[in-house]
Participant: 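My structure is below; once you've seen it, I'll send some questions.
Hydrogens, waters and symmetry mates play no part in the numbers below; they use all other heavy atoms, side chains included. So you know, we letter chains A, B, ... as the sequences are listed, proteins then strands, and number each from 1.
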Amino acid sequence: MPFDPSDIMKDRLTDIGPPKYDKFFPPFIKENYGKWKYHEILEPGVLVHVSETGAEVYTVRVGAARLLSVDLIREVCDIADKHCGGYVRWTTRNNIEFMVDDKAKLKPLIDDLKSRGNWFPIGGTGASVTNVVHTQGWVHCHTPAIDASGIVKAVMDELFEYFGSHKLPAQVRISLACCLNMCGAVHCSDIAILGVHRKPPIIEHERVQNVCEIPLVIAACPTAAIKPKKVGDYKSVEINENRCMFCGNCYTMCPALPLADGEGDGIALWVGGKVSNSRVPPKFSKLAVPYIPNEPPRWPTTVQTIKKMLETYASDARRYERVGEWIERIGWERFFEKTGIEFRHEHIDDYRLAMMTWRTTTQFKF
Amino acid sequence: MALKHATPMLDELEKGPWPSFVTDIKRVAARKPMCEDLLGLLEMSYEHKEGHWKHGGIVGVFGYGGGVIGRYCDRPDLFPNVAHFHTMRVNQPASKFYTSEVLRKLCDIWEEHGSGLTNMHGSTGDVILLGTTTDQLEPIFYRLTHELGMDLGGSGSNMRTPEGCVGKARCEWSCLDTQDIIYDITMRYQDELHRPMFPYKFKFKASGCPNDCVAAIARADCSIIGTWRDKIRIDQEAVRAYVGGELVPNGGSHGFEKRKLDIQKEVIDLCPTRCMEWDGKNLKIWDEDCTRCMHCINVMPRALRPGTDVGATILCGAKAPILEGAQLSSVIIPFMKMEPPYEEFHSFVEKMWDWWMENGKNRERLGELIQRLGLREFLKAVEVEPDPRMINTPRFNPYIFYDPADVPGGWERDGKAYRERHHA
Ligand code: HEM
Ligand code: HEM
Ligand code: SF4
Ligand code: SF4
Ligand code: SF4
Ligand code: SF4
């Protein structure tokens, strides 16, 4: 029964949920579900998992832009059909994984992937920079201070050798969020790229009362910077600009308070976060660079600053040490010294619980 | 073929070795005016260094409050084909396995009714279909449900699409059936997923082990992380093979060259609890001291495995900075068995939601509410006893809130009797 626009309730299916997970498992995954014994990375991007049944599955992981066209997905399908019995999967970090159940099928798969220009770079395993998780940016969101896909492309072009190799002391997770909402939850990444606004909202007094619920706007501000105010005949708001920390919450509640500004907006870089529990507990990323201007289309300062941090880490850290573990070993004073990043007043926290981040010991390095 | 708008800045992003989203969009733009205008609009954003999408706009499919995000461009005069460019979130199958058959059908639907652009996947986990018009929403929804057996995910103040790691499908470390747990939660709470009823968003994520490959601890209001209570399984012969250089440490994460593992330096000294000993022949683990961080298992995957008394640690409250600052999840239930039909877990979830819905303010995430009212209030609401595993350290400030019920005689006092003992 095709869709009938004049009767949308006809044959309507709702709340059916996603397809059951095992519907799309390749047969060798179904047969060995929960029976995996160990894995090895044969070369960057190529994994073997061995089952208690003796079965082996070979995985080739390739990077992808997160924004994909149906043309590229169809090409992924062609590869899956040709080599993998029509099965494929994506990882949390937007990599694509092709799996085969026989070592003999591996080389033809890899050769095929390599023959398709640079659409399917192999890598992202082990001590590498794997794919960057990121948000929407100027392609699709209303609050961004920066683009997302474009910056990620520029960064990955420059760090490409670290995607397809195991040259780093440990894995390095880079993430990007285009505003403080952090749809990508980048706040626990080895290196995080964050879009920041730096000018308080414009108040469009003649629009506020028409498009916004003033009490909600006032309640939305974490620093209580917003107050109601009558401006001429308009019911509007007033913002104590010195209290604004440019979070954009008020704009989320009220489109008549835009923040974006081509000159004021830009990028902050954060370092040293992680989510795994291995060795040391999960950690938040901390501020490394408070502000870099937007530099489309190739964002050179951001790219070079990230590269400098990454390479300083790569040459200085011990095996298994994540960026945050390395920084804690050498100390923040050495981090700024070694990376050549200027330490500024923005690095000293002045928000709630700031005191927890101030030094309360005479133990530090000269 | 020449496209409608010149894009000199975006063209720069076609250079370099990483796959270019610009090149990818361009090939669709050759047949889709929506993509042509999207490129033009994006180029304008690159010039202005400001985005060009309008704020919000409520659209959706009938009967659902979530799953579609309205999007309108602020220069429809210049880019009429992206005047409307709504997003649909499609609930991904757990751990993101697909057949080419289902993907091709999805592509066909999206070719016909939308821009042909997607995110595989959004940061919460859904397949994101990027860019369509209001009149196409119902036909897409109809075709998704009828032809693919797929449904929309969540957006707005509701449960968001749950997500899990690859788990038992292809990872030897998984202590949980993450797929089954995610599927169970998603199916059981379809109403919460599709119809906003909460103060704000609510996310579940499940990782099979403490490596936490879906970053549950940083991203989920309720993080389900696999763990074990008994001993790490050791194959001593394989340990010796790592030390002898026959096996490649860390599963080849640092290259596949054969080398002898310096077990003292690379494993024992890096064990955070120093609970391991190597006598040159056998590895001893004092399991009662182990905090199951996974380091030794990661380094010697063929010799060490998680134990067999497996379950989950349930942690709550993670979120990104908005509004009150970023939070990681905190331990609420140190160990839960997590076996189907997951009744213990459902009962926990429902108590948690009741408390949050009753006490949460508009746009207050669970983690913020726990901060505001205190972990004790939350524990009471979910009927969980306090446990030292919930804290890093007992408090070091003396300002304790007592309940009158905990103090003999309560808070009712006789002022007169007091003054008889103490003259004013
Ligand atoms: C060599 C062994 C390893 C393999 C085969 C492996 C496999 C994977 C896979 C398949 C993913 C994507 C998961 C998904 O899409 O569901 C992933 C992500 C991840 N892995 Fe591993 N992993 C390994 C070692 C580790 C180790 C040792 C750690 C931590 C110390 C770790 C931490 C993570 C994290 C945090 C993510 C998620 C990243 C994110 O999305 O932010 N992995 N890993
Ligand atoms: C209208 C503009 C917005 C757009 C286009 C947008 C887009 C997205 C998308 C595509 C995702 C991934 C969804 C998925 O995979 O299911 C996401 C997740 C998320 N969004 Fe947004 N979002 C917007 C507004 C917001 C706002 C206002 C907030 C916070 C106040 C926010 C916070 C988040 C967070 C924290 C995540 C999840 C990250 C995680 O996986 O933990 N977003 N958003
Ligand atoms: S991080 Fe901010 S700007 Fe980026 S997609 Fe999310 S809400 Fe939009
Ligand atoms: S941007 Fe944030 S801090 Fe500034 S006024 Fe708006 S809500 Fe308040
Ligand atoms: S979280 Fe653990 S079980 Fe899940 S994929 Fe990662 S390493 Fe494997
Ligand atoms: S899992 Fe971690 S804490 Fe436990 S023995 Fe291994 S390294 Fe030590």
Participant: So do the side chains of B/Met150 and A/Pro18 get within less than 4.5 Å of each other, counting heavy atoms only?
Facilitator: no

Participant: Here's a test for you: under ring-ring contact (aromatic ring centres under 6.0 Å, His included), which of A/Phe25, A/Tyr33, A/Tyr87 qualifies with B/Phe97?
Facilitator: A/Phe25

Participant: Report yes or no: is the cationic atom of B/Arg27 (NZ for Lys, CZ for Arg) under 6.0 Å from the centre of the six-membered ring of A/Trp119, at an angle within 45° of the ring normal?
Facilitator: yes

Participant: Check this for me: does any side-chain nitrogen of one of A/Asp78 and B/Arg104 sit under 4.0 Å from a carboxylate oxygen of the other?
Facilitator: yes

Participant: Answer yes or no: is there an ion pair linking A/Asp71 with B/Lys26, defined by an N-O contact shorter than 4.0 Å?
Facilitator: no

Participant: Give the C-alpha distance, both sets of side-chain angles, the deciding distance and a yes or no for salt bridge (Lys or Arg N to Asp or Glu O under 4.0 Å) between B/Glu138 and A/Lys10.
Facilitator: CA-CA 12 Å; B/Glu138 288 295 344; A/Lys10 200 161 92 197; over 6 Å; no

Participant: Decide yes or no for A/His187 and B/Gln327: does some side-chain heavy atom of the first lie under 4.5 Å from some side-chain heavy atom of the second?
Facilitator: no

Participant: Taking the ring of B/Trp173 and the ring of A/His39, is the distance between their centroids below 6.0 Å?
Facilitator: yes

Participant: Indicate yes or no: at least one non-hydrogen side-chain atom of B/Asn119 is less than 4.5 angstrom from one of A/Leu68.
Facilitator: no

Participant: State plainly whether the residues B/Glu111 and A/Arg74 are in salt-bridge range, i.e. N to O under 4.0 Å.
Facilitator: yes

Participant: Do you know the tightest heavy-atom contact between B/Thr99 and A/Phe24?
Facilitator: CG2-CD2, 3.7 Å

Participant: Are A/Asp15 and B/His194 side-chain neighbours, meaning at least one heavy-atom pair lies under 4.5 Å?
Facilitator: yes

Participant: Can you say whether B/Lys319 sits under 4.5 Å from chain A via the side chain, the backbone, both, or neither, judging by heavy atoms?
Facilitator: backbone

Participant: Looking only at atom types and distance, does a side-chain atom of A/Trp36 sit under 3.5 Å from a main-chain N or O of B/Ala169, one as donor and one as acceptor?
Facilitator: yes

Participant: Would you check if the side chain of A/Arg12 reaches a backbone N or O of B/Phe62 as a donor-acceptor pair within less than 3.5 Å?
Facilitator: yes

Participant: Ring centres under 6.0 Å, that's the criterion: do B/His55 and A/His142 meet it?
Facilitator: yes

Participant: Between B/Trp53 and A/His140, does the ring centroid distance fall short of 6.0 Å?
Facilitator: yes

Participant: Listed by chain and number, what are the salt bridge (charged side-chain N to carboxylate O under 4.0 Å, His left out) partners of B/Lys32, not counting sequence neighbours?
Facilitator: none

Participant: Please find out if less than 6.0 Å separates the ring center of B/Tyr98 from that of A/Trp90.
Facilitator: yes

Participant: Under a 4.5 Å heavy-atom cut-off, does chain A meet the side chain of B/Leu270, its backbone, both or neither?
Facilitator: both

Participant: Using a distance-only test with no angle check, is there a side-chain donor-acceptor pair under 3.5 angstrom linking B/Ser95 and A/Arg89?
Facilitator: no

Participant: Can A/Lys35 and B/Glu172 be counted as an ion pair, charged N to O under 4.0 angstrom?
Facilitator: no

Participant: Which bit of B/Val299 comes within less than 4.5 Å of chain A, counting heavy atoms only: side chain, backbone, both or neither?
Facilitator: side chain

Participant: Between B/Asp180 and chain A, which part of the residue has a heavy atom less than 4.5 Å away: side chain, backbone, both or neither?
Facilitator: both

Participant: Could you check whether B/Arg302 pairs with A/Glu40 (Lys NZ or Arg NE/NH1/NH2 to Asp/Glu carboxylate O, under 4.0 Å)?
Facilitator: yes

Participant: Would you confirm whether the ring centroid of B/His254 sits within less than 6.0 angstrom of the ring centroid of A/Tyr320?
Facilitator: yes

Participant: Can you find a heavy atom in the side chain of A/Val280 that is under 4.5 Å from one in the side chain of B/Pro272?
Facilitator: no

Participant: So, A/Arg319 and B/Asn250: side-chain donor and acceptor under 3.5 Å apart, yes or no?
Facilitator: no

Participant: Kindly give the heavy-atom pair with the smallest separation between A/Cys188 and B/Leu328, and that separation in Å.
Facilitator: SG-CD2, 3.5 Å

Participant: Regarding B/Arg305 and A/Glu52, does a basic nitrogen lie under 4.0 Å from an acidic carboxylate oxygen?
Facilitator: yes

Participant: Counting N and O atoms only, with roles assigned by atom type, does the side chain of B/Asp24 sit under 3.5 Å from a partner on the main chain of A/Ser69, one being a donor and the other an acceptor?
Facilitator: yes

Participant: Below 4.5 Å from any heavy atom of chain A, which atoms of B/Ser115 appear? Answer side chain, backbone, both or neither.
Facilitator: neither

Participant: Could you tell me whether the side chains of A/His166 and B/Ser253 share a donor-acceptor contact shorter than 3.5 Å?
Facilitator: no

